[in-house]
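Input: a single structure, listed below in structure tokens.
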Amino acid sequence: MRIDIITVAPELLESPFNHSIVQRAKDKGLAEIHLHNLRDYGLGNYRQIDDYQFGGGAGMVLMIEPISNCIEKLLAERVYDEIIYMTPDAKTLEQSISNRLSLKENILILTGHYKGVDQRIRDKYVTLEISIGDYVLTGGELAAAVLCDSIVRLIPGVLGDETSALTDSFQDNLLSPPVYTRPAEYKGLKVPEILLSGNFPKIEEWRSEKAFERTQQIRPDLLDENI
Ligand code: ADE
């Protein structure tokens, strides 16, 4: 999979993409991530990329021309399965979206800043808009990092244990059950007996029950989605 990201702050993305699972995916040749600095497409001597908004109001807007030039250059090189705009005024990211995106070949992600991008960019190019939650970040870079991490770890071969992504929270609209590791007892705090029993059908049953209980307590809204 190839992911291209258009950003005004590439340095914000270097660290997340040079560590952890994303680095492992890159090392294994399973994912490529390319950053494009919008400033390189800026207009005039000052490489202008933003301007005041028509109609007045506080905050700058990323201009249509630099973004359009950058997108057109990339579109001339390859076809994108999705052109995604990271913005708080969009549908919230869910596991099912990451699952679907992890099967794509080429994804282009546009990150906003300030008041966002000129609406005409969204109308003309963007095929999917994603928010990572109901709060406003300084820019879309951290949101893009979250999205990429959630996608890249699902690419077959990226995680060591192939099954582990399938048992994550949210894969079946349930939160994960509690997990424990050694020692079996620490200062009187004991691991549930069932997990030490070696009875794997019973252990699975226990995990399902706990996942359901936890979801009911913390995220009952997820259970409504199962109906
Ligand atoms: N840019 C700023 N805030 C954001 C959010 N919550 N999700 C996605 N992009 C954003």
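Note that ligands are numbered from 1 as they come in the structure, with each ligand's atoms numbered from 1 the same way.
- A salt bridge is absent between D40 and R47: the closest approach of a Lys/Arg side-chain nitrogen to an acidic carboxylate oxygen does not fall below 4.0 angstrom.
- Contact check for C148 versus I109: side-chain heavy atoms found under the 4.5 Å cut-off.
- A salt bridge between E129 and K91 is absent, with no side-chain N of the basic residue lying under 4.0 Å from a carboxylate O of the acidic one.
- Nearest to atom 6 (N) of ligand 1 among the protein's heavy atoms is Y135 O, 2.8 Å.
- Interface atoms of ligand 1 facing G139, defined by a heavy-atom separation under 4.0 Å, are 1 (N), 2 (C).
- Looking only at heavy atoms of the protein, atom 7 (N) of ligand 1 is closest to I132 N, 3.0 Å.
- In the model, Y41 has no side-chain atom that pairs as donor or acceptor with a side-chain atom of R39 under 3.5 Å.
- Look at G112 and you'll find every heavy atom at least 4.0 Å from all atoms of ligand 1.
- Remark: ligand 1 atoms within the under-4.0 Å shell around heavy atoms of I130 are 8 (C).
- Taking the charged nitrogens against the carboxylate oxygens, D89 and R122 do have a contact shorter than 4.0 Å, which makes a salt bridge.
- For atom 9 (N) of ligand 1, the closest heavy atom belonging to the protein is T87 N, 3.2 Å.
- For ligand 1, the polar-atom distance check finds no N/O of A143 at less than 3.5 Å from any of the ligand's N/O atoms.
- For atom 3 (N) of ligand 1, the nearest non-hydrogen atom of the protein is L137 N, 2.9 Å.
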Could you walk me through whether L110 and I121 satisfy the side chain to side chain contact (heavy atoms under 4.5 Å, CB included) test, starting with their C-alpha distance in whole Å, then the side-chain angles of each, then the deciding distance to 0.1 Å, before giving a yes or no? CA-CA 10 Å; L110 172 64; I121 288 289; 3.7 Å; yes
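- Proximity of L154 to L159: side-chain heavy atoms (C-beta onward) are nowhere separated by under 4.5 Å.
- The protein heavy atom nearest to atom 10 (C) of ligand 1 is P88 CD, 3.6 Å.
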